[in-house]
Amino acid sequence: PSSGNGLPNFRRKPVIIIVVGMAGSGKTTLMHRLVCHTHMRNIRGYVMNLDPAVMTLPYAANIDIRDTVKYKEVMKQFNLGPNGGILTSLNLFATKFDEVISVIERRADQLDYVLVDTPGQIEIFTWSASGAIITEAFASTFPTVVAYVVDTPRSEDPTTFMSNMLYACSILYKTKLPLILTFNKVDVAAHQFALEWMEDFETFQAAASSDQSYTSTLTQSLSLVLDEFYNNLKSVGVSAVSGVGMEAFFKTVEASAEEYMETY
Ligand code: GTP
């Protein structure tokens, strides 16, 4: 059954999409594009901003950490630098996260998705206790997926690609949630090379072998390890700037949410 916007109408809970990515991968631009897409397609979405330090957002957030925690005051009060300030702000917000979950639960039957934007410094979310608490609070209440945004043009270099994949791998094992490799900026470079490298590690090794350095040898060994990791992943190519791949993105989210329902 379909509710007219292409989404199945039997699901009562919204799917939580946690958007993470290296600084500069285009996370914020992509969030904006996704929000526009949901508006255009009549998909009912909520948007949450978890970056306390962001000055301006190109989209309107329904739930915004900045409404609750004043990052600059936290820095002053606890005598912290910028990263400590962001981390402490996130910790303070995490203590109230049950209230955030309640707000979403109350509106659950009117929402298809909740898009969650995370701090620009990826490790503040992925390697902090509060990031784990927030992720766990979502995942124990709603189907939850992680969209890992990759800067595709920058990943054309095999060694950069490898470090990016290792980081994604660590997030998969830490969150244990379905992970969508979201290859962004395909208007600049198509992500076909990445699909080929993930499909066949020998193709990747051939690309990496053009560089005879130590890291290249390491990269080749690691590609064998990552082979198993790729089997557990879904990937999609998008462009936050041109808007290409939005339908494919939401289809992949649906498939990942189903995987969540079967597994968790
Ligand atoms: P932080 O705020 O540091 O976390 O960066 P971010 O990951 O949120 O990246 P942001 O959205 O600020 O984008 C970084 C740069 O990439 C900007 O110059 C964007 O215009 C550009 N960009 C983002 N998405 C795309 C895309 O799909 N195509 C192209 N060509 N450029 C993009």
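We count residues from 1, following the sequence as given. First listed ligand is number 1; within each ligand, the first listed atom is number 1. Note: hydrogens, waters and symmetry copies are ignored here, and every other heavy atom, side chains too, is used.
Within 4.0 Å of ligand 1, counting heavy atoms only, the contacting residues are M22, A23, G24, S25, G26, K27, T28, T29, G120, N184, K185, D187, V188, S239, A240, V241.
Judged by distance alone, the side chains of R107 and Y46 do bring a donor and an acceptor atom under 3.5 Å apart. With 3.5 Å as the limit, one finds no donor-acceptor pair spanning the side chains of N49 and D117.
More than 12 heavy atoms of other residues, nucleotides or ligands shown are found within 6.0 angstrom of CG on D98. Remark: E105 CD is packed, more than 12 non-hydrogen atoms of other residues, nucleotides or ligands lying under 6.0 Å away.
Taking a 4.5 Å side-chain heavy-atom cut-off between Ile, Leu, Val, Met, Phe, Trp and Tyr, the cluster of L224 extends to F201.
For the pair E259 and K234, the salt-bridge criterion is met [side-chain N within less than 4.0 Å of a carboxylate O].
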